[in-house]
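Everything on this sheet refers to the single structure shown next.
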Amino acid sequence: MLFQLSVTIGIFVANLFNYYFANILDGQGWRLSLGLGAVPAVVFIIGSICLPDSPNSLVERGRLEDARKELAKNRGTTEIDVELKDIVAASEASQKVKHPWRTLFLRKYRPQLVFAICIPFSQIFTGLTVITFYAPILFRTIGFGSSASLMAALIIGGIKPLSTVVSILLVDKFGRRTLFLEGGVQMLICQDNVLLSKKWYIVMRYSWSRSSDSMSHDK
């Protein structure tokens with residue numbers, strides 16, 4: 001949840017900077033917007049260098065003492081023997097699997113495999129990623145001005161962290177499954193509205209074209 005919140009806040013801040021830079025330096029602010037992307041990249045590089053190994057990774061490589069120290073550091077207590085034994089047991093169990101890919105496709109794991117593939121595929125297939133990355137261009141194609149398209153993208157970017165905060169506050173009360181189903185219903189309704197709006201636009205455009213042709217013929 002916190003990862004998703006961080007991502008959505010980052011998208012909103014990026015849209016905020018894009019909107020601000022578009023209105024300065026006589027239209028050359030896009031250079032600042034593009035160059036600013038180097039800042040989080042540098043933070044990622046430094047963070048990757050300073051990031052310690054996880055206890056699970058250390059156990060997988062046979063470094064049990066280092067795993068014990070790291071786990072005690074993460075938990076803030078030295079009473080981590082039970083959890084460490086669970087990590088070691090899980091590592092040993094995973095090493096006993098001789099053909100993990102073949103096991104993955106066994107019939108008993110097929111429902112989990114199908115859901116693990118279809119859920120992210122369906123999410124991306126709705127066009128969410130396209131709207132996130134190309135919102136200003138999409139809004140300009142339907143008649144928005146340059147500044148208005150960036151503002152529309154900013155509004156969409158602002159909705160994302162708010163929705164994430166709502167999910168964080170409600171997930172423990174209603175459960176992930178309920179929020180997942182409710183979100184799916186919202187997506188279905190929105191997609192239907194887009195489809196109906198597109199159909200209405202095509203019908204109205206065809207009607208206007210027919211009317212214009214009739215008026216021209218009468219003249």
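Note that the coordinates shown come from a computational prediction; the quantities given were computed from them, not determined experimentally.
- Heavy atoms only, all atoms of each residue included: Thr8 and Pro161 are closest at OG1-CA, 3.5 Å.
- Under the 4.5 Å side-chain criterion, counting only non-hydrogen atoms from C-beta, Leu179 is not in contact with Arg176.
- Residue Ile155 is not grouped with residue Phe144 when hydrophobic side chains (ILVMFWY) are merged at heavy-atom distances under 4.5 angstrom, including chains of intermediate members.
- Taking the side chain as every heavy atom from C-beta outward, Ile11 and Ile156 never approach each other to under 4.5 Å.
- Distance check, rounded to the nearest 0.5 Å: OH of Tyr134 to CZ of Phe139 gives 15.5 Å.
- Heavy atoms of other residues, nucleotides or ligands lying less than 6.0 angstrom from CD of Glu79 number 12 at most.
- Here the shortest heavy-atom pairing between Gly145 and Arg140 reads O-CG, 4.2 Å.
- Under the side-chain hydrogen bond (donor to acceptor under 3.5 Å, both in side chains) criterion, Arg31 pairs with Gln28, not counting sequence neighbours.
- Cluster membership for Leu32 and Leu36, using ILVMFWY side-chain heavy atoms within less than 4.5 angstrom, is shared.
- Closest of all the heavy-atom pairs between Thr126 and Met187 is CG2-CE, 3.4 Å.
- The heavy-atom pair separating Leu71 from Leu84 by the smallest distance is CD2-N, 3.9 Å.
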**OP:** Kindly determine whether Asp86 and Val82 satisfy side-chain contact (heavy atoms from CB on, under 4.5 Å), including the steps that lead there.
**Re:** CA-CA 6 Å; Asp86 290 338; Val82 175; 4.2 Å; yes

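- Here the CG-OG distance, from Asn18 to Ser149, works out to 10.5 Å after rounding to the nearest 0.5 Å.
- In this structure, Gln4 and Lys160 have side chains that are not in contact, with every pair of non-hydrogen atoms separated by 4.5 Å or more.
- Hydrophobic cluster membership is shared by Ile117 and Trp101, with clusters built from Ile, Leu, Val, Met, Phe, Trp and Tyr side chains linked at under 4.5 angstrom.
- Taking each heavy atom of Asn15 and Ala153 in turn, the nearest pair found is ND2-O, 3.3 Å.
- At least one side-chain heavy atom of Val114 sits under 4.5 Å from a side-chain heavy atom of Arg110.
- Hydrophobic clustering (ILVMFWY, side-chain heavy atoms < 4.5 Å, transitive): Val43 and Leu5 are in distinct clusters.
- Side chain of Ser122 to backbone of Ile119: no donor-acceptor contact under 3.5 angstrom is found.
- Partners of Phe115 under the ring-ring contact (aromatic ring centres under 6.0 Å, His included) rule, at least two apart in sequence or in another chain, do not exist in this structure.
- The line from CG of Leu16 to CD1 of Ile9 is 12.5 Å long, rounded to the nearest 0.5 Å.
- The closest side-chain heavy-atom distance from Leu58 to Glu65 is not below 4.5 Å.
- Looking at Tyr109 and Leu113, their side chains never come closer than 4.5 Å, going by heavy atoms from C-beta outward.
- With rounding to the nearest 0.5 angstrom, the CG atom of Leu2 is 10.5 Å from the OG1 atom of Thr164.
- The cluster map of Ile, Leu, Val, Met, Phe, Trp and Tyr, joined by side-chain heavy atoms under 4.5 Å apart, puts Leu169 and Val171 in the same cluster.
- We find the CG-CZ distance between Leu162 and Phe12 to be 8.0 Å, quoted to the nearest 0.5 Å.
- The heavy-atom pair separating Arg68 from Asp81 by the smallest distance is NH1-OD1, 2.6 Å.
- The pair Arg61-Asp66 does not meet the salt-bridge criterion, since no charged nitrogen lies less than 4.0 angstrom from a carboxylate oxygen.
- Note that the CD atom of Gln123 and the OG1 atom of Thr129 stand 7.0 Å from one another [nearest 0.5 Å].
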